[in-house]
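Not measured: the values here are computed from a predicted model. Each chain gets a letter, A, B and so on, in the order its sequence line appears, and its residues count up from 1.
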Amino acid sequence: MQYSKEIDKKWQEKWKENDVYRYDPNSKNKKLYTLEMFSYPSGAKLHLGHWFNYAPADSFARFKKMQGYNVFHPMGFDAFGLPAENYAIKTGIHPEESTRKNIETMKRQLQEMGGSYDWNYSVETCMPDYYKWTQWIFTKLYENGLAYKKEAPVNWCDSCKTVLANEQVIGGKCERCGSEVKRKKLSQWFFKITDYAEELLTGLKDLDWPESTKKVQVNWIGKSEGSEVIFKSEDNSFEITVFTTRIDTLNGVTYVVVAPESKLVEKITTEPNKEAVQKYISETLKLNEIERLSTEKEKTGVFTGAYVINPINGEKVPVWIADYVLEDYGTGAVMAVPAHDERDYEFAKKYNLPIKAVIRKEDSQEVELPFTEYGILFNSGKYDGMTSKEAQKQMVEDLSKNNQGKKSVNYRLKDWLISRQRYWGAPIPIIYCDKCGTVAVPEKDLPVLLPKNVEFKPDGESPLKKSSEFMNCTCPKCGGKATREADTLDTFVCSSWYELRYPDCKNSEKAFDKDVISKVAPVDVYVGGKEHAAMHLIYARFMTKALRDLGYLDFDEPFKKLIHQGMILGPDGNKMSKSKGNTVSPEEYIEKYGSDIFRMYIMFGFDYRQGGPWDEKGIDSMVKYFTRIERLIDTVNELKKNESSKNITAKEKDLLRLKNQTIKAMTADIDDFSFNTAIARSMELSNKLNEYIRENEINTKILLDTVKTYITLLAPLAPHFAEEQWEKLGEKGFVYNEQWPKVIESEMNGGTKEIPIQVNGKLKTCITVDADETPDNILKQIKSAPQVVEILENSEVVKEIYVPGKIFNIVIKKD
RNA sequence: GCUGAUGUGGCGGAACUGGCAGACGCACUGGACUCAAAAUCCAGCGGGAAACCAUGUGGGUUCGAGUCCCACCAUCAGCACCA
């Protein structure tokens, strides 16, 4: 029977009957936890992006299983979130209903893909048996001071009626709906990820992750080392602490700037300036963060009327407020050195503030302002003549004696805002009691169930607030009347620990058992999109470290190795999107060709890490390849009938050599997620086999042996198809349960190879030598070859370069 | 603007730590089979008559550069006054 989706079905049923994907936690084989980022069931179906992520990664898992690893390869669904809620608002279909339906469809499709998942190990984050433990983790973090509430300016999306994290604001617009983001103050829950800033940074060096992703995280954490300097007012009534990385420029300070939101502002502003300052602050609050930070925008500010004293030289400098200083970065105040900072320079020019140069280039007396590099100090009293580095050290030392300065480290990383004024998420398990204050819901009362009958149309209020049934409760401490927290958790919280739940997903006593999961976790190979480089991947790392410190885990990092698959673009080279009408649906292809042809094509046609524009013509090449294989198997089955054990000659040796070379190359390629070259190698072996069966005389044993190896090599890449060919060859059992072929070194021997001969680095000719000879003997063969002798005799040889067994280059004198 | 990635035939893409550029395919061309076509099989396939020239452009290092260094161009992605 020719390969088609019927064959897919046949083997899917057989696999199911025989439970071949059952994970055995007690296996003695070496464990390997390989995981793809779970999917969000927003659309109804798997799209091409899912396929490109999951199908090759599944081939990798199959390959590792055949190599003898005890592979743990689960799949689940990140099921809470905005799209389901937005869909519900639009259609009236409850998020739970649409999500359930989508999950069922996607699960079916993953099975149709031939995914080797053991569905006994799965999670769906919207199910109470999962979010119970998400809530439990929240309470543990709360009890240990890692979750706290604060009023903070947040990004507000008028259209979604919700708060967005900074990370979710894309280009000033809401990540999800695209409308303009504004600023608003709300009381919010945060996780104290900043406590882990340093470890999140240093931990990166031991991870087998793409360097570019590590850099994204380094920038996200944004460590900067500098100093804090305290500027006091003349009468000591207040002080302003600034953070600077350029304390060496301290003598050049001509004013100090405070963020408009700073609590200091009200205190220090003098009567005549009150009106102007008030006006400026209200103007600032109208702007959203993106507008405010735009480089395009002209810098603005206003004088407060206050002055402070520069601790290094006693100079009196004015205090301004300006929106280019942010309340939540550093200390919320900066010292301005217009001579040595672009921004300050621009600002000083605009408002006619003095500019005082204090750093110059080492070898020049002139200073072109602003001069922002390190150099030599002048105009700086006792520090004159010092280099920037020397002065930094000395100044911190001097200031620290009067408690007016110290070394300091700052991070760009902000605490993780986890409150969402949304319906479709895990309720934050907090109860507010008039007597007892804020109380975490005790473990025995978890989960705090998400009520079903709730009006969740957005109107600026948390939907749960509108359910009195949900809101009214009793205080777990005093038993008195109390109310619940109405906000739900950011879905990134749900996905920050899911990999820990998989191995122990049925546990109803705990989130996970430390001993159970430590046999499997951490994840050895994690595969997913680059777009999660900062958010998901940093949150999950934080969660692992926090849980470790609370004693629930004994490893530091969740994902040891990370691979990003590329993106498949539309045929027009643009990102696929419904609005552009350039989407490609895997379904039609599966229907028409069967899932293995589709899988093989997406693996062969693209570099896995790179992706590229979709090209459907490429599929035909795979159809042809499958047909060739089927013909090969038929022919072999014919030849098998007339067994012949022809003597082993060069032809057989060639075949065996290539077989082993193919095993070697494919093993390395699949290990490296280089599926396109692995398939290319398999094609070479297929070509060789076809060439061999055209021989007059063949050795059927060697042929059959090689064909069996060949099908085994194809098994992880084309799982259904390989089973079918395996059966056709008369083999019993599943090829999936076969051992991945091993290289037989002795069969690699023999044969010849070509050594390129260069003159002055340019290829002139090639010499055929015995492949197994020692490099010294190969050199002898090269030197006695007539072509080489001729070159050596007829030219003035300067040098001979011999890379043993690889290349021979003759450097001759040019005339 | 800054940071990062990418740039190789008509196309998708190969090329390990510097060592035969274009593996493996697609498309194309010629041939075989056929009354014919499709399918299949065989052969060819970067440019050039050749010397040679070719991995975005221009330099450099090296016996030798797609690979290393410098400058630039183009495309894509991320970040946004970070003190």
Side-chain angles (χ1 to χ4, degrees), chain A residues 170-172 210-216 218-220 222-224 226-227 229 242-247 249 257 259 289-290 292-297 299 322-326 328-337 341-344 346-347 410-413 530-531 533-534 566-567 569 573-575 601 604-607 609-610 612-615 617-622 624-625 627-628 631 665 668-669 672 674 676-684 686-687 690 694 753-766 798-803 805-812:
Chain A
I170 312 286
E211 284 305 317
S212 57
T213 304
K214 288 189 187 183
K215 263 182 200 148
V216 168
V218 168
N219 293 339
W220 197 266
K223 180 179 182 174
S224 77
S227 330
V229 179
V242 304
F243 174 74
T244 178
T245 53
R246 289 301 302 275
I247 196 172
T249 64
V257 190
E289 195 159 344
I290 304 299
R292 185 168 153 183
L293 299 182
S294 164
T295 36
E296 246 81 309
K297 186 181 151 289
K299 283 153 196 45
D323 60 8
Y324 74 88
V325 174
L326 302 175
D328 54 2
Y329 182 79
T331 58
V334 301
M335 59 183 222
V337 189
D341 183 282
E342 304 260 1
R343 238 176 7 208
D344 298 344
E346 209 184 304
F347 192 84
N410 228 319
Y411 299 91
R412 198 182 82 107
L413 185 72
K530 235 189 163 104
E531 66 275 15
M567 198 192 289
L569 308 169
N574 291 311
K575 223 174 182 172
Y601 171 61
F604 181 62
F606 307 86
D607 175 332
R609 289 180 177 80
Q610 198 106 26
W614 180 252
D615 174 18
K617 275 187 287 181
I619 286 208
D620 290 330
S621 71
M622 216 26 88
K624 278 189 193 170
Y625 183 40
T627 317
R628 275 203 299 273
R631 254 201 317 271
D669 285 346
D672 190 37
S674 184
N676 52 351
T677 53
I679 293 170
R681 293 295 191 160
S682 82
M683 286 171 169
E684 283 179 77
S686 154
N687 291 344
N690 275 311
R694 284 199 295 270
K753 66 177 177 188
E754 305 257 284
I755 303 287
I757 307 298
Q758 297 180 329
V759 173
N760 289 343
K762 278 184 184 158
L763 180 72
K764 288 297 164 190
T765 182
C766 280
V798 179
K799 210 201 277 186
E800 290 169 16
I801 288 152
Y802 176 55
V803 182
K806 271 195 173 166
I807 197 165
F808 188 67
N809 186 15
I810 305 159
V811 186
I812 62 168

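Taking 3.5 Å as the limit, the base of B/G4 and the side chain of A/Glu211 contain no donor-acceptor pair of atoms between them.
Taking the C1' atoms as reference points, B/C81 lies 26 Å from B/A5, given to the whole Å. B/C68 and B/U6 have their P atoms separated by 10 Å, with the value rounded to a whole Å. The gap from the C1' atom of B/G22 to that of B/G46 amounts to 8 Å, rounded to the nearest Å. Taking atom C1' in both B/A14 and B/G59, one finds a spacing of 28 Å when rounded to whole Å. B/A51 and B/G56 have their C1' atoms separated by 27 Å, given to the nearest Å. A distance of about 15 Å separates the P atoms of B/A15 and B/U67, rounded to the whole Å. Rounded to whole Å, the C1' atom of B/C41 lies 41 Å from the corresponding atom of B/A65. A gap of 11 Å separates the P atoms of B/U55 and B/U8, to the nearest Å.
Contact annotation: the side chain of A/Arg246 never approaches that of A/Val337 to less than 4.5 Å [non-hydrogen atoms, C-beta and beyond]. Using a 4.5 Å heavy-atom cutoff, the side chains of A/Trp220 and A/Tyr411 are not in contact. Put simply, the side chain of A/Asn690 does not reach to within 4.5 Å of the side chain of A/Arg631, judged on heavy atoms. For the pair A/Tyr601 and A/Tyr625, the minimum side-chain heavy-atom distance is 4.5 Å or more. For the pair A/Thr244 and A/Val334, the minimum side-chain heavy-atom distance is 4.5 Å or more.
Whole-Å rounding puts the A/Ile807 CD1 to B/U62 C1' distance at 14 Å. With rounding to whole Å, A/Ile679 atom CD1 is found 14 Å from B/A14 atom C1'. Here B/A15 presents its C1' atom at 12 Å from NZ of A/Lys806, a figure rounded to the nearest Å. Atom pair A/Met622:CE and B/C26:C1' shows a separation of 11 Å (rounding to whole Å applied). What separates OH of A/Tyr329 from C1' of B/C79 is a distance of 14 Å, to the nearest Å. When the C1' atom of B/G1 is taken as reference, atom CD of A/Glu346 falls 13 Å away, rounded to whole Å. One can place NZ of A/Lys223 at 21 Å from C1' of B/C79, the figure rounded to the nearest angstrom. Summarising the geometry, the separation between CG on A/Leu763 and C1' on B/A54 is reported as 15 Å, rounded to the nearest angstrom.
At a threshold of 4.0 angstrom between heavy atoms, the contacts of A/Glu342 with the nucleic acid are absent. In this structure, A/Lys764 reaches the sugar-phosphate backbone alone: every heavy-atom distance under 4.0 Å involves primed, P, OP1 or OP2 atoms, never a base. Among the atoms of the strands shown, only primed sugar atoms or phosphate atoms (P, OP1, OP2) are found under 4.0 Å from some heavy atom of A/Val811. A/Gly605 comes within 4.0 angstrom of the backbone, heavy atoms only, and of no base. Residue contacts shown for A/Asn410 are absent, as no nucleic acid heavy atom lies under 4.0 Å away. A/Arg631 comes within 4.0 angstrom of the backbone, heavy atoms only, and of no base. In this structure, A/Lys624 reaches the sugar-phosphate backbone alone: every heavy-atom distance under 4.0 Å involves primed, P, OP1 or OP2 atoms, never a base. In this structure, A/Tyr625 reaches neither bases nor backbone, as no heavy-atom distance under 4.0 Å exists between it and the strands shown. A/Gln758 comes within contact range of at least one nucleobase, with a heavy-atom separation under 4.0 Å. Note on A/Val216: nothing from the nucleic acid sits closer than 4.0 angstrom, heavy atoms only.
A close approach under 4.0 Å does not occur between any side-chain nitrogen or oxygen of A/Asn676 and OP1 or OP2 of B/G25. Of the side-chain N and O atoms in A/Lys762, one or more sit less than 4.0 angstrom from OP1 or OP2 of B/C53. Contact check, A/Arg694 against B/C42: a side-chain N or O comes under 4.0 Å of OP1 or OP2. Of the side-chain N and O atoms in A/Arg628, none sit less than 4.0 angstrom from OP1 or OP2 of B/U40. Within the 4.0 Å cut-off from OP1 or OP2 of B/A83, at least one side-chain nitrogen or oxygen of A/Ser224 is found. OP1 or OP2 of B/U62 has not a single side-chain nitrogen or oxygen of A/Asn809 nearer than 4.0 Å. Here A/Arg343 reaches the OP1 or OP2 of B/C82: one of its side-chain N or O atoms lies under 4.0 Å away.
For A/Leu326, whose side chain is taken as the heavy atoms from C-beta onward, the closest listed nucleotide among B/A83, B/C79, B/C24 is B/A83. In the set B/C24, B/A83, B/C20, B/C24 carries the atom at the smallest distance from any side-chain atom of A/Asn687. Checking B/C63, B/C20, B/C81 against every side-chain atom of A/Asp323, the shortest atom distance belongs to B/C81. Counting only heavy atoms from C-beta on, A/Tyr324 has its side chain closest to B/C81 among B/C81, B/C24, B/A14. In the set B/U3, B/A23, B/G19, the nucleotide with an atom closest to the side chain of A/Val803 is B/G19.
Base orientation of B/G12: anti, the glycosidic angle falling outside 90° of 0.
RNA chain B contains the following stems of three or more consecutive Watson-Crick or G-U pairs, with both distances under 3.5 Å: B:1-7 with B:73-79, B:10-12 with B:24-26, B:28-32 with B:40-44, B:56-60 with B:68-72.
Under a 3.5 Å cut-off, the side chain of A/Asp669 and the backbone N or O of A/Asn676 do not form any donor-acceptor pair. Side-chain atoms of A/Lys530 never come within 3.5 Å of backbone atoms of A/Met567 as a donor-acceptor pair (strictly under, hydrogens ignored).
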CA sep, side-chain torsions, deciding dist, call: A/Asp344, A/Tyr324, side chain to side chain contact (heavy atoms under 4.5 Å, CB included): CA-CA 10 Å; A/Asp344 298 344; A/Tyr324 74 88; 3.1 Å; yes
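Using a 4.0 Å cut-off between charged side-chain N and carboxylate O, A/Lys617 and A/Asp615 make no salt bridge. Of the charged side-chain nitrogens involved, at least one lies within less than 4.0 Å of a carboxylate oxygen, so that A/Glu211 and A/Lys214 count as a salt-bridged pair.
Each of A/Asp344 and A/Ser212 has a nearest nucleotide on RNA chain B; the 5'-most of these lies closest to A/Ser212. Mapping A/Asp620 and A/Asp607 onto RNA chain B by nearest heavy atom places A/Asp607 closer to the 5' end of the strand.
Using bins of under 30°, 30° to 60° and over 60° for the plane-to-plane angle, the ring pair A/Phe243/A/Tyr329 lands in the perpendicular bin.
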